[in-house]
*Asks:* 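This is the structure, below, for whatever I ask next.
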Amino acid sequence: MMDQRPLNSAVLGGGSWGSTVASLIARNAPVMLWARDHDTVVEINATHSNSKYLPGARLNSRLLATSSIKEAVSQCDVLVMGVPSQHFRNVLEQAREHLRPWVPVISLTKGLEPVTKMRMTEVIRELLPGHPVGVLTGPNLAREIITGQAAAGVLAMEDEIIVRELRQLFHSGLFRVYTNTDLVGCELGGVLKNVIAIAVGMGDGQGAGDNTRSALITRGLAEITRLGVAMGGRAETFSGLAGMGDLIATCTSSQSRNHHVGYELGKGRSIEEIVAEMVMVAEGVKSAPTVAALGEQYGIEMPITGDVLSVLRGERTSRQAFRGLLKSAVGAESEPG
């Protein structure tokens, strides 16, 4: 059992979700947020706000920020990683030299490493063997949570004792945190739903109705469940907050970056034009090629992912791809397509 003193936490990543989680932790324990951008650090410390990523929101006044990874990490009891997947390894390598042994590392990142196809917890285990690893995931739209709206998340770790202890760090007010020992399933649910959200956004951008959206979300859930189970996740995980819950939020919210990308693609814009305008990363754009490759590797048919990827690569227009999705062969509901 861990001791009962407050756990000093470090959160690396000053984007919307990293800042929100750091603000939640600050209600329960001392926490320091590392951000790459110096102006963000100054603003958080001076005015308890992050206008670049959370305009109009107020962060917890006890939250401290720094631009020094060493200052954030060297005395922490828990390390929380909230940086995008393409920067995850590099930032973790910088943190590694300052991190004490056996400190748990929790990922907030819903992406895959493109070259290695590794999940973020696999990257953590490679760089920090012996450290307990976990993910905080679920239908968590940062702007709603930071303003105090009710929400729920899942903290997943393989060790039941550690996950129950760390749950108290994140559980706060109207943000309820549940635990799960299916680390693989929970992490994959957060990754795979981003690609489906792009597909749903493409339909919405073309004026698709509620029936179409519902069908696409449901078929998308079946698609990501097939791959998730093949990769070692539990089927029931994908029916819970980390699967269906996160999928619904990401596919239907105007705050979803991945849905936004799909919506703009549906209106006929190019992916380069859309991404150039965005302040934050839409992980589904980065993950789609890797998800498709994993489908091939595990022998899982993933027609929705394939259609999204063809649009992102410029091989088809979103209108052509969406027509293909609607016309795909009809068979038993349990079959792909």
*Asks:* Asn180 side chain to Thr237 main-chain N or O, any donor-acceptor pair under 3.5 Å?
*Replies:* no
*Asks:* Looking only at the side chains, is there a donor atom on one of Asp204 and His259 sitting less than 3.5 Å from an acceptor on the other?
*Replies:* yes
*Asks:* Could you pull out the closest heavy-atom pair between Asp182 and Arg234, with the gap in Å?
*Replies:* OD2-N, 2.8 Å
*Asks:* May I ask you to test the Leu294-Leu112 pair for a side-chain heavy-atom distance under 4.5 Å?
*Replies:* yes
*Asks:* Let me confirm one number: the CZ-CG distance from Phe88 to Leu108, rounded to the nearest 0.5 Å.
*Replies:* 8.5 Å
*Asks:* Does some side-chain heavy atom of Arg89 sit less than 4.5 Å from a side-chain heavy atom of Glu126?
*Replies:* yes
*Asks:* To the nearest 0.5 Å, what is the distance between CG (Leu221) and CZ (Arg226)?
*Replies:* 10.0 Å
*Asks:* Identify which one of Asp246, Asn258, Thr250 satisfies the side-chain hydrogen bond (donor to acceptor under 3.5 Å, both in side chains) criterion when paired with Asn194.
*Replies:* Asn258
*Asks:* May I ask you to test the Thr252-Arg213 pair for a side-chain heavy-atom distance under 4.5 Å?
*Replies:* yes
*Asks:* Grab the two heavy atoms, one from His131 and one from Val103, that are nearest each other, plus how far apart they are.
*Replies:* ND1-O, 2.7 Å
*Asks:* If hydrophobic clusters are built by linking Ile, Leu, Val, Met, Phe, Trp and Tyr wherever their side-chain heavy atoms come under 4.5 Å apart, do Val105 and Leu24 end up in the same one?
*Replies:* no
*Asks:* Rounded to the nearest 0.5 Å, how far does NZ of Lys117 lie from OG of Ser287?
*Replies:* 13.0 Å
*Asks:* Does the side chain of Ile217 reach to within under 4.5 Å of the side chain of Ile196, using non-hydrogen atoms?
*Replies:* no
*Asks:* With no hydrogens and no angle check, is any side-chain donor or acceptor of Thr109 less than 3.5 Å from a backbone partner on Gly111?
*Replies:* no
*Asks:* Rounded at 0.5 Å granularity, tell me how far CD1 in Ile124 sits from CG in Leu79.
*Replies:* 7.5 Å
*Asks:* Can you find a heavy atom in the side chain of Leu227 that is under 4.5 Å from one in the side chain of Met231?
*Replies:* yes
*Asks:* Are any of the side-chain heavy atoms of Leu64 and Leu33 separated by less than 4.5 Å?
*Replies:* no
*Asks:* Of all heavy-atom pairs between Met202 and Ala321, which one has the smallest distance, and what is that distance?
*Replies:* CE-CB, 4.3 Å
*Asks:* Between Lys52 and Asp37, is the closest basic N to carboxylate O distance under 4.0 Å?
*Replies:* no
*Asks:* Could you tell me if Glu43 and Thr40 have a donor-acceptor pair between their side chains, going purely by distance under 3.5 Å?
*Replies:* no
*Asks:* Can any side-chain N or O of Ser23 pair as donor or acceptor with the backbone N or O of Asn60 at less than 3.5 Å?
*Replies:* yes
*Asks:* Flag yes if more than 12 heavy atoms outside Glu160 fall under 6.0 Å of its CD atom; otherwise flag no.
*Replies:* no
*Asks:* Going by the side-chain hydrogen bond (donor to acceptor under 3.5 Å, both in side chains) test, which pairs reach into residues 90-104, not counting sequence neighbours?
*Replies:* Asp77-Arg100, Asn90-Gln94
*Asks:* If only atom types and distance count, is the side chain of Thr218 paired as donor or acceptor with the main-chain N or O of Ser214 below 3.5 Å?
*Replies:* yes
*Asks:* Show me, pair by pair, the donor-acceptor contacts under 3.5 angstrom made by side chains of residues 139-151, not counting sequence neighbours?
*Replies:*
from   : atom 1 : to     : atom 2 : distance (Å)
Asn140 : ND2    : Ala152 : O      : 2.9
Thr147 : OG1    : Arg143 : O      : 3.1
Thr147 : OG1    : Glu144 : O      : 2.9

*Asks:* Can a side-chain donor-acceptor contact be found between Thr47 and Ser49 if the only test is distance below 3.5 angstrom?
*Replies:* yes
*Asks:* Looking at Ile106 and Val78, what are the two nearest heavy atoms and their distance?
*Replies:* CG1-CG1, 4.3 Å
*Asks:* Looking only at non-hydrogen atoms, find the nearest pair between Phe175 and Trp17 and report the distance.
*Replies:* CZ-CH2, 4.3 Å
*Asks:* For the OG1 atom of Thr290 and the CD atom of Gln297, what is their distance to the nearest 0.5 Å?
*Replies:* 11.0 Å
*Asks:* Following the transitive rule for hydrophobic clusters with a side-chain heavy-atom cut-off under 4.5 Å over Ile, Leu, Val, Met, Phe, Trp and Tyr, establish whether Val154 and Met157 coincide in one cluster.
*Replies:* no
*Asks:* Suppose the criterion is salt bridge (Lys or Arg N to Asp or Glu O under 4.0 Å): which pairs have a residue in residues 255-281, not counting sequence neighbours?
*Replies:* Glu264-Lys267, Glu264-Arg269, Arg269-Glu273, Arg269-Glu277
*Asks:* Decide, yes or no, whether a salt bridge links Glu283 with Lys286 under the criterion of side-chain N to carboxylate O below 4.0 Å.
*Replies:* no
*Asks:* Within the side chain of Glu187, is there an N or O that forms a donor-acceptor pair under 3.5 Å with the backbone of Met120?
*Replies:* yes
*Asks:* Shortest non-hydrogen contact from Val163 to Thr179?
*Replies:* O-CG2, 3.9 Å
*Asks:* Considering only heavy atoms from C-beta outward, does the side chain of Trp34 approach that of Val41 to under 4.5 Å?
*Replies:* no
*Asks:* Would a distance-only check, ignoring hydrogens and angles, find a side-chain to backbone donor-acceptor pair under 3.5 Å from Arg167 to Val177?
*Replies:* yes
*Asks:* Look at Glu158 together with Arg125 and state whether they make a salt bridge at an N to O cut-off of under 4.0 Å.
*Replies:* yes
*Asks:* Kindly indicate whether the side chain of Ser9, heavy atoms from C-beta on, has any atom under 4.5 Å from the side chain of Cys76.
*Replies:* no
*Asks:* State the CE-CD1 distance between Met32 and Ile44, to the nearest 0.5 angstrom.
*Replies:* 11.5 Å
*Asks:* Is a side-chain N or O of Glu296 found less than 3.5 angstrom from the main chain of Ala293, in a donor-acceptor match?
*Replies:* no
*Asks:* Please determine if Arg219 and Glu223 form a salt bridge, counting it only when a charged side-chain N lies under 4.0 Å from a carboxylate O.
*Replies:* no
*Asks:* Answer yes or no: is there a donor N or O on one side and an acceptor on the other, between the side chain of Ser19 and the main chain of Ser16, under 3.5 Å?
*Replies:* no
